[in-house]
Chemist: 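Structure below; questions to follow.
FYI, side chains are in, hydrogens and waters are out, and symmetry mates aren't considered; it's all heavy atoms of this structure.
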Amino acid sequence: MDGDAEIAPGVSVVQLAGHSPGSQGVLVDGAVPYLIAGDAVNTYADWEGNEASRICPPGVNTSLLDCYASFEKIEHLGCESSEP
């Protein structure tokens, strides 16, 4: 599957390029959307960032620009983060 698509009612795959070509996450609609981001966000620390940057994309990636775009896309999905 290429790009974003609804695969079942309330369940979509979303393209999250950057870590590797074709990376996707699974978005589940609900009162608060829930995203399984896969390798787009390897750790909670990647999402929370540090003093130097609001976010820290994974160190291993195929496109840093795509990583930043994917992090921005995740923010716009309105999901709440939860530390495992």
Chemist: Can you tell me how far CG of Leu16 sits from CD1 of Ile36, rounded to the nearest 0.5 angstrom?
Modeler: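 Ile36 atom CD1 to Leu16 atom CG measures 11.5 Å (nearest 0.5 Å).
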Chemist: Please check this pair: side chain of Thr62 against backbone of Gly18, looking for a donor-acceptor N/O pair closer than 3.5 Å.
Modeler: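 Checking the backbone N and O of Gly18 against the side chain of Thr62, a donor-acceptor pair under 3.5 Å is found.
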Chemist: Working to the nearest 0.5 Å, report the span between CD of Gln15 and OG of Ser70.
Modeler: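 The OG atom of Ser70 is 7.5 Å from CD of Gln15, to the nearest 0.5 Å.
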Chemist: Does Gly10 offer a backbone N or O that forms a donor-acceptor pair with the side chain of Glu6 under 3.5 Å?
Modeler: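 Judged by distance alone, yes, a pair lies under 3.5 Å.
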Chemist: Check salt bridge (charged side-chain N to carboxylate O under 4.0 Å, His left out) between Asp29 and all other residues, then give those that pass, not counting sequence neighbours.
Modeler: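 Testing Asp29 for salt bridge (charged side-chain N to carboxylate O under 4.0 Å, His left out), a comparison that skips the adjacent residues, returns none.
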Chemist: With Ser20, which residues qualify under side-chain contact (heavy atoms from CB on, under 4.5 Å), at least two apart?
Modeler: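 Partners of Ser20 under the side-chain contact (heavy atoms from CB on, under 4.5 Å) test: Ser23.
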Chemist: Are Ile74 and Leu65 connected in the hydrophobic side-chain network, where two residues link if heavy atoms are under 4.5 Å apart?
Modeler: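 As far as the 4.5 Å side-chain criterion goes, Leu65 and Ile74 are not connected within one cluster.
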Chemist: Measure the spacing between CZ of Phe71 and CG of Asp66 and express it to the nearest 0.5 Å.
Modeler: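 The CZ atom of Phe71 sits 12.5 Å away from the CG atom of Asp66.
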Chemist: Could you work out, with side-chain contact (heavy atoms from CB on, under 4.5 Å) as the rule, every residue matching Ala69, not counting sequence neighbours?
Modeler: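 Ala69: no side-chain contact (heavy atoms from CB on, under 4.5 Å) contacts found.
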Chemist: Name all residues meeting the side-chain contact (heavy atoms from CB on, under 4.5 Å) criterion together with Ile7; count only those two or more places apart in sequence or in a different chain, and write none if there are none.
Modeler: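 For Ile7, the residues satisfying side-chain contact (heavy atoms from CB on, under 4.5 Å) (neighbours in sequence not counted) are Met1, Val11, Val13.
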Chemist: Determine the minimum heavy-atom distance between Glu72 and His76, stating which atoms define it.
Modeler: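 For Glu72 versus His76, the nearest heavy atoms are O-ND1, 2.8 Å.
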Chemist: Does any non-hydrogen side-chain atom of Leu35 lie less than 4.5 Å from one of Val26?
Modeler: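 With C-beta onward as the side chain, the pair stays apart.
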Chemist: Quick test of your reading of the model: are Asp4 and Lys73 salt-bridged, counting only N-O distances below 4.0 Å?
Modeler: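 Salt bridge between Asp4 and Lys73, a charged N being under 4.0 Å from a carboxylate O: yes.
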Chemist: Measuring from Asp39:CG to Cys67:SG, what's the distance to the nearest 0.5 Å?
Modeler: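 Nearest 0.5 Å value for the CG-SG distance: 10.5 Å.
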